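Data block below; observations after.
Just so you know, these numbers come straight off a predicted model, no measurement behind them. One is the number of the first residue; the rest follow in order along the sequence. Reckoned from all heavy atoms, side chains included, excluding hydrogens, waters and symmetry mates.
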Amino acid sequence: MVKKRFIAGAICPNCQALDTLRWWQQHDVEHIECVQCQHIDTRLPQAVKESEQLSSITKQQVIRIFKPE
């Protein structure tokens, strides 16, 4: 079971409600959900975002991104 935590003082970007956002991480992907309007936002880890900015030639040379745990 994934542990979901509320973000104190955060404002929902959709409904502007205060203290209604909860955060959790599942399979290295961050999720944020508003419990009032059910707005959901997902974010990939920074390493994946950086890899998406690589050139196509560099992407062909990359075998995989190593994530030490």
Next on the checklist: On a heavy-atom basis, which atom in Thr20 and which in Cys12 lie closest, and how many Å separate them?
Outcome noted: OG1-CB, 4.1 Å
Item to check | For the student: nearest non-hydrogen atoms of Glu33 and Ile40, plus distance | outcome: CG-CG1, 4.0 Å
Checklist entry - Does Ile32 sit in a hydrophobic cluster with other residues, and if so which ones, taking ILVMFWY side chains as linked at heavy-atom separations under 4.5 Å, directly or through other members? => result Ile7, Leu21, Trp23
Item to check | Nearest non-hydrogen partners of Val2 and Gln25, listed with the distance | outcome: CG1-O, 3.9 Å
Next on the checklist: Donor-acceptor pair, distance only, cut-off 3.5 Å: does the side chain of Asp19 make one with the backbone of Ala8?
Outcome noted: no
Item to check | Minimum heavy-atom distance between Trp24 and Lys3, given as atom pair plus value | outcome: CB-O, 3.6 Å
Item to check | Minimum-distance pair of heavy atoms, taken over all atoms of Arg43 and Val29 | outcome: O-CG1, 3.5 Å
Item to check | Nearest atoms (heavy-atom pairs only) where Cys34 meets Cys37 | outcome: SG-N, 3.5 Å
Next on the checklist: Are His39 and Pro13 packed together at the side-chain level, in the sense that at least one heavy-atom pair is separated by less than 4.5 angstrom?
Outcome noted: yes
